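To start, the structure under review is shown below, and the notes come after it.
Chain identifiers are assigned alphabetically (A, B, ...) following the order of the sequence lines, protein sequences preceding nucleic acid strands; residue numbering begins at 1 within each chain. Because the structure is a prediction, the values reported are computed rather than measured.
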There are 2 protein chains.
Amino acid sequence: MTAAQRRELEKIQFDAYLAECKSRELLETLSSKWVALVLSALREKGALRYSEIARTIAGASQKMLTQTLRALERDGLVSREVEPTVPVSVTYELTPLGDSLSGLVLSVKAWAEANMVDVMVARAEYDDRT
Amino acid sequence: MTAAQRRELEKIQFDAYLAECKSRELLETLSSKWVALVLSALREKGALRYSEIARTIAGASQKMLTQTLRALERDGLVSREVEPTVPVSVTYELTPLGDSLSGLVLSVKAWAEANMVDVMVARAEYDDRT
DNA sequence: CGGCATCCGTACGGATACTG
DNA sequence: CAGTATCCGTACGGATGCCG
């Protein structure tokens with residue numbers, strides 16, 4: 001992609017409220033629990049090996065983990081480094097772009113943990129009313 | 001729920017990295033494009049009627065809209081007010097709890113719109129490499 | 001160790017029709 | 001207007017097995 005092509009794209013105003021807009025699709029991929037957990041883990045712990053991510057995020061199948069990491073790598077949010085040891089060692093790290101997003105999703109994760117009680121109370125009241 | 005029961009819950013440390021933790025489940029529901037778009041719309045535009053939300057979020061089926069709004073209402077993030085006119089008019093508004101979250105998800109939506117070009121460039125490069 | 005390929009059930013979500 | 005109910009296809013994601 002040339003700089004001229006990029007400047008053309010910069011002119012576009014993206015709006016996730018529009019169904020056909022590419023930013024809607026991007027928001028969609030970012031709105032995944034696995035994305036949120038992976039970005040949070042990499043932000044909180046720095047560079048991590050594949051197995052360390054798997055251990056951090058309990059219950060994530062390696063299919064979802066790999067799929068999520070590939071998508072994040074493709075979108076330029078995470079870098080993947082392979083060290084040709086035996087057996088091979090793979091390390092993932094946030095890119096500057098990914099770093100600028102990870103703070104936001106980490107705050108959402110932190111909100112969920114901090115306000116869990118309020119939500120549980122609200123649910124109990126709602127279920128009582130109905 | 002009594003105040004004593006609530007105090008018991010307050011003691012719990014929630015951790016979304018744990019598969020069985022309720023906060024993981026909450027993060028999961030928050031990690032939905034529809035939740036992000038609805039909370040963003042209500043934050044940006046204030047109280048909205050059902051049809052206004054539907055118009056704002058293009059391409060959202062009324063099934064998903066209703067389902068999302070019910071879930072948000074149950075979790076205490078959104079309040080629902082029915083005015084008994086003919087035909088009936090229903091208004092949705094962020095609760096203080098919902099307001100405290102909506103800023104975070106709106107920032108994620110804004111990030112997606114602002115960094116769409118960077119992501120598209122990264123994707124093009126990735127697809128070239130592979 | 002860090003994957004990829006395949007199979008397969010379920011549940012997410014769209015389309016349609018009907019109601020207070 | 002603001003829903004509810006039902007049907008139904010698809011695609012998300014888990015389980016398993018194999019590989020460099």
Discussion item. It should be established whether B:Arg80 places a side-chain nitrogen or oxygen under 4.0 Å from OP1 or OP2 of nucleotide D:dG3.
Written reply: yes
Item to complete: Sugar-phosphate atoms are those with a prime plus P, OP1 and OP2; base atoms are the rest. Using that split, label each nucleotide of nucleotides 8-20 of chain D B, S or - for protein heavy atoms under 4.0 Å, 5' to 3'.
Response: -----BBBBB--B
Item to complete: Take the protein atom CD of A:Glu73 and the nucleotide atom C1' of C:dG2, then report the distance between them rounded to whole Å.
Response: 13 Å
Item to complete: Can you tell me the distance, in whole Å, between the CD atom of A:Glu81 and the P atom of C:dG2?
Response: 14 Å
Worksheet item: Whole Å only: how far is the CD atom of A:Glu28 from the C1' atom of C:dG14?
Response: 13 Å
Worksheet item: Of all the nucleotides listed (C:dC4, D:dC1, D:dG3), which has the minimum atom distance to the side chain of B:Tyr50?
Response: D:dG3
Discussion item. Counting C-beta onward and ignoring hydrogens, is there a side-chain heavy-atom pair between B:Leu26 and A:Met116 closer than 4.5 Å?
Written reply: yes
Worksheet item: Does any non-hydrogen side-chain atom of B:Glu81 lie less than 4.5 Å from one of B:Val90?
Response: no
Which atom pairs, one a donor and one an acceptor, fall under 3.5 Å between side chains of residues 69-78 of chain B and the rest of the protein, sequence neighbours left out?
residue, atom, partner, partner atom, Å
B:Arg70, NH1, B:Tyr92, OH, 3.3
B:Arg74, NE, A:Asp127, OD1, 2.9
B:Arg74, NH2, A:Asp127, OD2, 2.8
B:Asp75, OD1, A:Arg123, NE, 2.6
B:Asp75, OD1, A:Arg123, NH2, 3.4
B:Asp75, OD2, A:Arg123, NH2, 3.4

Worksheet item: B:Arg49 side chain N/O closer than 4.0 Å to the phosphate oxygens (OP1, OP2) of D:dA2?
Response: yes
Worksheet entry | Contact check, side chains of B:Phe14 and A:Val117, non-hydrogen atoms, under 4.5 Å | yes
Worksheet entry | Value in whole Å for how far the C1' atom of C:dA15 lies from CG of B:Leu65 | 16 Å
Item to complete: Would you indicate, yes or no, if D:dC1 has its OP1 or OP2 atom less than 4.0 angstrom from a side-chain nitrogen or oxygen of B:Tyr92?
Response: no
Worksheet item: Rounded to the nearest 0.5 Å, how far apart are CG of B:Asp118 and CG of A:Leu101?
Response: 12.0 Å
Item to complete: Report, as yes or no, whether the 6.0 Å neighbourhood of atom CD on A:Glu10 holds more than 12 heavy atoms from other residues, nucleotides or ligands.
Response: yes
Discussion item. Looking at A:Ser107 and A:Leu104, would you say the former's side chain and the latter's main chain have a donor-acceptor pair under 3.5 Å?
Written reply: yes
Worksheet item: For B:Glu83 and D:dG3, what is the distance between atoms CD and C1' respectively, to the nearest whole Å?
Response: 16 Å
Worksheet item: Taking the side chain as C-beta and beyond, is there a heavy-atom pair between A:Leu42 and A:Ser102 under 4.5 Å?
Response: no
Worksheet item: Has B:Thr66 got a side-chain N or O lying under 4.0 Å from the OP1 or OP2 atom of D:dA2?
Response: no
Worksheet item: So does B:Glu44 have more than 12 non-hydrogen atoms from other groups sitting under 6.0 Å from CD?
Response: yes
Discussion item. Using five pairs at each end of the helix from C:dC1-D:dG20 to C:dG20-D:dC1 to define an axis, what is the angle between those two axes, to 10°?
Written reply: 60°
